[in-house]
Visitor: 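Structure provided below as structure tokens; questions to follow.
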Protein chains: 2
Amino acid sequence: MNDLKSKATIYDVAKLAGFSAATVSLALSGSPKIKESTKEKIRNAAGKLKYQPNFLARGLVKQETKTICLIIPDNLNPVFAEITQGVEHFAYGRGYSIILCITNEDAQREKFYLEIMRNNRADGLLVFPTFFPVVQEEALRLRASNVPFVIVGRRIEGMDSDYVAINLESGGYKAADFLIKLGHKKIGIIYGVANPDLGKSRLEGFKRAFLENGLHFRTDFVKGCGYRIHDGYKVAKELLSNKDRPTALFAINDLLAIGALKAVKELGLKVPDDISIVGFDDIEFASYSDPPLTTVSLKEKEMGKTAVEMLIDRIENTSADSKRGAILIEPELIVRDSCAEII
Amino acid sequence: MNDLKSKATIYDVAKLAGFSAATVSLALSGSPKIKESTKEKIRNAAGKLKYQPNFLARGLVKQETKTICLIIPDNLNPVFAEITQGVEHFAYGRGYSIILCITNEDAQREKFYLEIMRNNRADGLLVFPTFFPVVQEEALRLRASNVPFVIVGRRIEGMDSDYVAINLESGGYKAADFLIKLGHKKIGIIYGVANPDLGKSRLEGFKRAFLENGLHFRTDFVKGCGYRIHDGYKVAKELLSNKDRPTALFAINDLLAIGALKAVKELGLKVPDDISIVGFDDIEFASYSDPPLTTVSLKEKEMGKTAVEMLIDRIENTSADSKRGAILIEPELIVRDSCAEII
DNA sequence: TATTATAATTAAACCGATTAAATGAATGAT
DNA sequence: ATCATTCATTTAATCGGTTTAATTATAATA
């Protein structure tokens with residue numbers, strides 16, 4: 001290749017340095033077999049040509065890409081944005097790149113990505129699942145193809161796989177218990193999820209708190225909707241315009257809670273004096289809303305880190321079928337100023 | 001390969017279907033040379049084996065990866081999170097995947113990613129630059145290696161390349177002009193940037209508005225800091241505890257403005273009655289803050305889409321050195337409730 | 001039936017690296 | 001001087017696809 005407008009290959013380096021391609025490969029990977037003086041010459045030549053080893057060629061023979069595929073539902077949601085950031089960060093620290101797939105809460109796309117990723121493009125997958133049956137089905141193929149993967153963020157009931165998840169049931173319980181202890185009995189639930197599987201655990205925990213406190217759980221206070229700020233705003237208005245109005249709102253994520261906050265204000269009510277609000281996720285904005293939001297922390301950073309570590313260990317440990325890693329992180333209630341006692 | 005725990009190759013498909021690898025390749029790519037009946041048989045065999053063509057092998061011969069590398073500073077900032085989302089979305093629409101690199105506002109990492117990406121891992125790059133000299137230097141190598149790239153978000157003065165940017169100077173001007181027309185003369189500037197290059201244009205536009213309105217621009221009201229919510233909070237407090245206190249604040253991004261909002265409240269002042277605030281970026285939260293924030297829209301979605309289109313056109317049009325694409329998007333002032341007239 | 005044209009398939013080269021095995025040169029022992 | 005070692009480098013196979021050119025099978029024509 002004497003074409004200046006092109007990438008230098010290992011053969012170009014070999015020719016310039018006066019050695020064979022094999023020697024160049026060995027030298028650049030620091031093999032002790034190669035004399036220091038020739039290593040030096042080869043490094044010079046490589047530097048002169050701005051040589052970068054072809055990723056595809058190397059990957060093909062080494063059967064590895066040093067790449068992790070991360071599948072998330074939606075990067076506009078700060079929860080996933082944070083996970084993405086964390087995953088990229090820790091992966092980088094261990095020499096891995098990440099290829100980002102955003103499903104947009106669409107089952108087709110989730111399936112597509114899970115399918116295509118059996119093509120040796122990545123050494124392993126990190127999946128934040130949205131449609132549980134889709135993931136369960138594709139997981140079988142991934143395993144048959146020997147592609148390591150770790151489920152992140154949510155536990156899929158009855159599925160045997162590595163996972164790093166949050167105990168959402170417990171999170172729901174903590175939120176409800178907190179409100180109940182403050183004297184609330186009528187709590188509206190803003191149930192904004194892409195599919196019913198997703199909110200289930202939180203809701204179950206919520207119910208459990210009612211039962212354990214000897215209260216009746218009112219299902220007519222549970223209102224389903226989308227998962228964006230705007231949806232929380234709309235549903236909060238509905239719930240609060242009820243004649244038998246709740247005294248508190250629990251939003252299944254912080255985005256919804258922030259929308260609800262705005263709705264409450266527009267109705268001329270005050271948070272927390274008239275209405276208490278609890279969110280879920282503890283996104284950065286939750287502490288900058290007015291008032292700062294009481295919420296349940298998801299510990300995304302810890303989750304991202306743990307998941308990356310687990311996946312890379314799985315990738316690098318040839319011990320194929322060692323027992324599954326299963327980590328269930330305990331969420332934490334973050335008390336700020338959006339809740340008050342009922343008097 | 002009769003190892004069940006492994007990926008099927010084209011040879012496995014060939015054997016099962018009773019044809020050669022070449023025929024399989026041709027058949028699966030829909031070549032008209034292959035009889036329909038054998039195509040059918042081959043598709044069946046491929047389906048039975050859950051065959052996925054090896055990405056690396058294919059990439060190596062076709063000299064393409066259908067992958068775009070996106071380099072951004074920080075996925076926690078909603079501006080970049082939105083760009084990432086948009087880029088992924090439109091890239092997917094054209095059959096490309098994205099590999100995400102987050103520099104964390106670190107020059108070393110920005111350089112590292114720009115360097116490594118000359119290794120045939122991606123067909124082109126989308127770069128949201130942070131350290132202009134780094135990018136300029138690496139850009140030369142990218143061009144020498146014939147790797148297409150598009151600069152996104154910011155225009156680098158004096159650099160000849162494809163770009164899709166926002167006219168930040170004009171954005172700064174619009175923000176200032178708006179405040180000045182409301183009667184403000186003392187405006188504090190929260191200048192939270194990772195490096196001085198970044199805020200320059202916005203500041204220049206801001207100054208220009210002062211000059212054109214016959215006002216004196218006070219540099220002692222410009223306070224540098226980091227670029228996160230917390231920094232805006234801190235600096236706003238400083239600016240407002242001055243005896244000669246500004247009547248308005250301009251934050252160089254919305255995150256800082258949201259921090260400032262909190263600071264103003266804590267000081268017992270009211271927005272907009274006592275202090276007007278203008279942000280920059282128009283992130284989703286800007287319309288849900290209290291009060292909703294007047295800000296300058298960056299049009300990330302448009303930017304992401306345009307940049308992807310431009311890059312893919314560059315990648316796919318063999319016409320190597322056609323003239324550069326240069327798009328400067330005009331930002332828009334979004335007026336909400338965080339500013340009031342001076343009386 | 002022989003010949004030619006055309007359709008369908010395959011052999012073989014290639015992409016650019018890595019690596020096991022082979023070769024060659026230098027050193028040391030006898 | 002001869003042979004065994006050790007050290008340094010190279011040859012050649014390989015990874016799993018795609019694609020061009022060659023080959024074989026089939027159909028059309030004389």
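Letters A, B, ... are given to chains in the order of the sequence lines, protein chains preceding strands, and every chain is numbered from 1. Owing to the predicted nature of the structure, the values given are computational and were not obtained by experimental measurement. Values reported hereafter were calculated over all heavy atoms of this structure, with side chains retained and with hydrogens, waters and symmetry mates removed.
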Visitor: What integer distance in Å separates B:L56:CG from C:dA17:C1'?
Guide: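 After rounding, the gap between these two atoms is 11 Å.
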Visitor: Mind calculating the distance between CG (B:N120) and C1' (C:dG16) to the nearest angstrom?
Guide: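 My rounded result for the distance is 9 Å.
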Visitor: Only pairs at least two apart or in different chains count here, so list each salt bridge (charged side-chain N to carboxylate O under 4.0 Å, His left out) that has a residue in residues 28-45 of chain A.
Guide: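 Of all non-adjacent pairs touching residues 28-45 of chain A, those that pass salt bridge (charged side-chain N to carboxylate O under 4.0 Å, His left out) are A:E36-A:R43, A:E40-A:R43.
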Visitor: Would you check if the side chain of B:R154 reaches a backbone N or O of B:P129 as a donor-acceptor pair within less than 3.5 Å?
Guide: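 Checking the backbone N and O of B:P129 against the side chain of B:R154, a donor-acceptor pair under 3.5 Å is found.
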Visitor: Provide, to the nearest angstrom, the distance between the CD atom belonging to A:Q52 and the P atom belonging to C:dA17.
Guide: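 Spelled out: CD on A:Q52 to P on C:dA17 is 10 Å.
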Visitor: Does the pair A:K305/A:E302 count as a salt bridge with the N-to-O cut at 4.0 Å?
Guide: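 A:E302 and A:K305: not salt-bridged.
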Visitor: Whole angstrom is fine here: how far is it from CG in A:L49 over to C1' in C:dG16?
Guide: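 My rounded result for the distance is 15 Å.
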Visitor: Check B:E137 with B:K111, please: is the shortest side-chain N to carboxylate O separation under 4.0 Å?
Guide: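 Between B:E137 and B:K111 there is a salt bridge, with a charged N closer than 4.0 Å to a carboxylate O.
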Visitor: Could you tell me how far apart B:F19 (CZ) and D:dA25 (P) are, to the nearest whole angstrom?
Guide: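 Value for this atom pair: 14 Å.
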Visitor: Does the pair B:E115/A:K50 count as a salt bridge with the N-to-O cut at 4.0 Å?
Guide: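 No.
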Visitor: Roughly, in whole Å, what's the span from CG in B:L60 to P in C:dA13?
Guide: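 Value for this atom pair: 17 Å.
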Visitor: So if I take residues 37-46 of chain B and measure heavy-atom distances to DNA chain C, which residues fall below 4.0 Å?
Guide: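 The answer is B:T38.
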Visitor: Only counting residues at least two apart or in another chain, list the ones meeting side chain to side chain contact (heavy atoms under 4.5 Å, CB included) with B:A107.
Guide: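 Expected list: B:F131, B:V134.
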Visitor: Measure CD/B:E64 against P/C:dG16 and give the value in whole Å, please.
Guide: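 Distance, rounded to whole Å: 14 Å.
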Visitor: For the pair A:Y92 and B:F112, name the ring-plane relationship: parallel under 30°, tilted 30 to 60°, perpendicular over 60°.
Guide: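 Aromatic pair A:Y92/B:F112 classed perpendicular.
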Visitor: Within the distance-only criterion (no hydrogens, no angle test), does the side chain of A:E105 pair as donor or acceptor with the backbone N or O of A:P73 below 3.5 angstrom?
Guide: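 Here the side-chain-to-backbone pair does not exist.
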Visitor: Give the rounded distance in Å between these two atoms: NZ of A:K35 and C1' of D:dT10.
Guide: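 After rounding, the reported distance stands at 14 Å.
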Visitor: Table please: side-chain donor-acceptor pairs of residues 76-84 of chain B below 3.5 Å, with sequence neighbours left out.
Guide:
from	atom 1	to	atom 2	distance (Å)
B:N77	OD1	B:V79	N	2.9
B:T84	OG1	B:F80	O	2.8

Visitor: Under 3.5 Å, is there a donor-acceptor pair between the A:R121 and B:T67 side chains?
Guide: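 Per modelled atom types, A:R121 and B:T67 side chains form a pair under 3.5 Å.
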Visitor: Which letters describe nucleotides 18-24 of chain D, given B = protein heavy atom under 4.0 Å from base, S = only from sugar-phosphate, - = neither?
Guide: SB-----
Visitor: B:Q63 side chain N/O closer than 4.0 Å to the phosphate oxygens (OP1, OP2) of C:dG16?
Guide: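 Yes, B:Q63 has a side-chain N/O under 4.0 Å of OP1/OP2 on C:dG16.
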Visitor: Measure the angle between the two terminal helix axes of the helix from C:dT1-D:dA30 to C:dT30-D:dA1, five base pairs each, and quote it to 10°.
Guide: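 Taking five pairs per end, the axes differ by 60°.
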Visitor: Would you call A:K66 and A:E316 a salt bridge, using N to O less than 4.0 angstrom?
Guide: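 Judged by the 4.0 Å cut-off on N to carboxylate O distance, A:K66 and A:E316 do form a salt bridge.
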